[in-house]
2 protein chains.
Amino acid sequence: MDEKLRAPLREQLVNCSLPAALEAMGERWSFMILRAAFNGLHHFEEFQSELGIARNILANRLGRLVEHGILTRDAMVKDRRKIHYQLTEKGVALLPTMLALRQWGERWETGFRASPVLVDARDRRPIGPIEVRSWDGRVLTKRDLLWALPEDVDDSGEHGRGDDADDDTATSAVRAAE
Amino acid sequence: MDEKLRAPLREQLVNCSLPAALEAMGERWSFMILRAAFNGLHHFEEFQSELGIARNILANRLGRLVEHGILTRDAMVKDRRKIHYQLTEKGVALLPTMLALRQWGERWETGFRASPVLVDARDRRPIGPIEVRSWDGRVLTKRDLLWALPEDVDDSGEHGRGDDADDDTATSAVRAAE
DNA sequence: CGTTTTCAGTTGCAACTAGCAACCTAGTTT
DNA sequence: AAACTAGGTTGCTAGTTGCAACTGAAAACG
């Protein structure tokens, strides 16, 4: 690996969003609960009997997911006992992560496609593999990729697609290459 | 929700590759170690000082990742004390998962882009967001997605890439969560 | 109305896991 | 040989997981 990158890399490994993400989702049952939520479950007892998770752990995990803004928690009007848990936008945003993990498990652990299958509603074909792509959609493999410091990044492609535009960080966006 | 899907869904939620994936990667430090490995670290002491993880936990996690075939472990020829940990193909295959999680953290937790940034070596632009796509590459949002049972899946698009399958077509599926 | 059932949790307690600091062992350097 | 390194292991404490049994409030039943 590039020595120029090596030393700063050291300092910056800490400064990563991964720990923050794992703070919210790093516990054992979190992804399982999330998956159940994606599959349309909304109530405590549903999660409990579905996942076979201990009740206290489930209560704790649900509470944490609510705290982190991944689920909302509301008593239902029709039946005040029933709590309705629902994915927020932030929670839904975890779908690619969950699918990537699941696909990896299918390919490298279980060896077969899990059910139910997530399909494109339009043609009922299974979704494609979650992949790393360039800003303009080319599939990238490990050989196409490089770790770069913010100064060496070309940020000019950031304003073409619909991902939010308040990227004020990182930017002495020097044209490093080309 | 559709009752026709509901009952089978119950039985099948267990039969998912997610638990298998979490068995390998679900522990607290696993993704952090993986990330360090992606950043080019190879040795015990590097991981240790980089991540600030306890030595016994690190030893245990590295051992587990090796057991699961995510890392290889080899004594170096030049210095028999030094152990060289290296990502296997299976380990590298976790890159999309790790990036999806990281990107989610950037967008929803820390709010800024972490460093170092993964860029396309060709143009030094940051990689695009990890997204769910159809078999032919269209970006799919939550509204485009359905959970379907294997019988209801159209598998005819499966022969462009290396995933195995055979099933026929029918009809009954359910919109992805609500 | 009182009783029973259901839902979503708590509480108490045992077993297991994470984390720190100190120690160990084989291989390497001086 | 003595000292040093890399990569662990061990002992101990603090926290987490998990089961089972209990609670409390809202709904359903008779």
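Chain naming here is simple, since letters A, B, ... match the order of the sequence lines and numbering starts at 1 in each.
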Non-neighbouring partners of B:Asp136 that pass side-chain hydrogen bond (donor to acceptor under 3.5 Å, both in side chains), sequence neighbours left out:
B:Ser134, B:Arg138

Going by side-chain hydrogen bond (donor to acceptor under 3.5 Å, both in side chains), name the residues that satisfy it together with B:Glu45, two or more places apart in sequence or in a different chain.
B:Arg55

Using whole Å, what does the distance between atom C1' of nucleotide D:dG7 and atom CD1 of B:Ile53 come to?
14 Å

Could you run through nucleotides 4-14 of chain C and give me one letter per nucleotide, 5' to 3': B if any protein heavy atom sits under 4.0 Å from the base, S if only the sugar-phosphate is that close, - if neither?
--BSBBBBB--

Using the closest heavy atom to pick a nucleotide of DNA chain D for each, name whichever of A:Lys78 or A:Arg61 lands nearer the 5' end.
A:Arg61

Rounded to the Å, how far apart are A:Leu58 CG and D:dT16 P?
18 Å

Identify each donor-acceptor pair in which a side-chain atom of residues 87-97 of chain A lies under 3.5 Å from a protein atom, sequence neighbours left out, and give them as a table.
{"residue": "A:Thr88", "atom": "OG1", "partner": "A:Gly69", "partner atom": "O", "Å": "2.6"}
{"residue": "A:Thr88", "atom": "OG1", "partner": "A:Ile70", "partner atom": "O", "Å": "3.1"}
{"residue": "A:Thr88", "atom": "OG1", "partner": "A:Lys90", "partner atom": "N", "Å": "3.3"}
{"residue": "A:Thr88", "atom": "OG1", "partner": "A:Gly91", "partner atom": "N", "Å": "3.0"}
{"residue": "A:Lys90", "atom": "NZ", "partner": "A:His68", "partner atom": "O", "Å": "2.7"}
{"residue": "A:Lys90", "atom": "NZ", "partner": "B:Glu109", "partner atom": "OE2", "Å": "2.8"}
{"residue": "A:Thr97", "atom": "OG1", "partner": "B:Ala100", "partner atom": "O", "Å": "3.4"}

Between A:Arg80 and A:Ala54, whichever has its closest DNA chain D nucleotide further toward 5' is A:Ala54

For the pair made of CG in B:Leu65 and P in D:dG8, what is the distance, rounded to whole Å?
13 Å

Donor-acceptor pair, distance only, cut-off 3.5 Å: does the side chain of B:Asn60 make one with the backbone of B:Asn56?
no

Give DNA chain C the dot-bracket treatment, 5' to 3': Watson-Crick (N1-N3 with N6-O4 or O6-N4) or G-U (N1-O2, O6-N3) under 3.5 Å, [ ] crossing, | other strand.
||||||||||||||||||||||||||||||

Residues in side-chain hydrogen bond (donor to acceptor under 3.5 Å, both in side chains) with B:Asp74, at least two apart?
none

Partners passing side-chain hydrogen bond (donor to acceptor under 3.5 Å, both in side chains) against A:Asp144 (at least two apart in sequence or in another chain):
A:Thr141

Grab the CZ-P distance between B:Arg64 and D:dG8 for me, whole Å please.
16 Å

By ring-ring contact (aromatic ring centres under 6.0 Å, His included) - contacts of B:His43 (at least two apart):
B:His84

Salt bridge (charged side-chain N to carboxylate O under 4.0 Å, His left out): which pairs involve residues 18-29 of chain B, sequence neighbours left out?
B:Glu27-B:Arg61, B:Glu27-B:Arg64

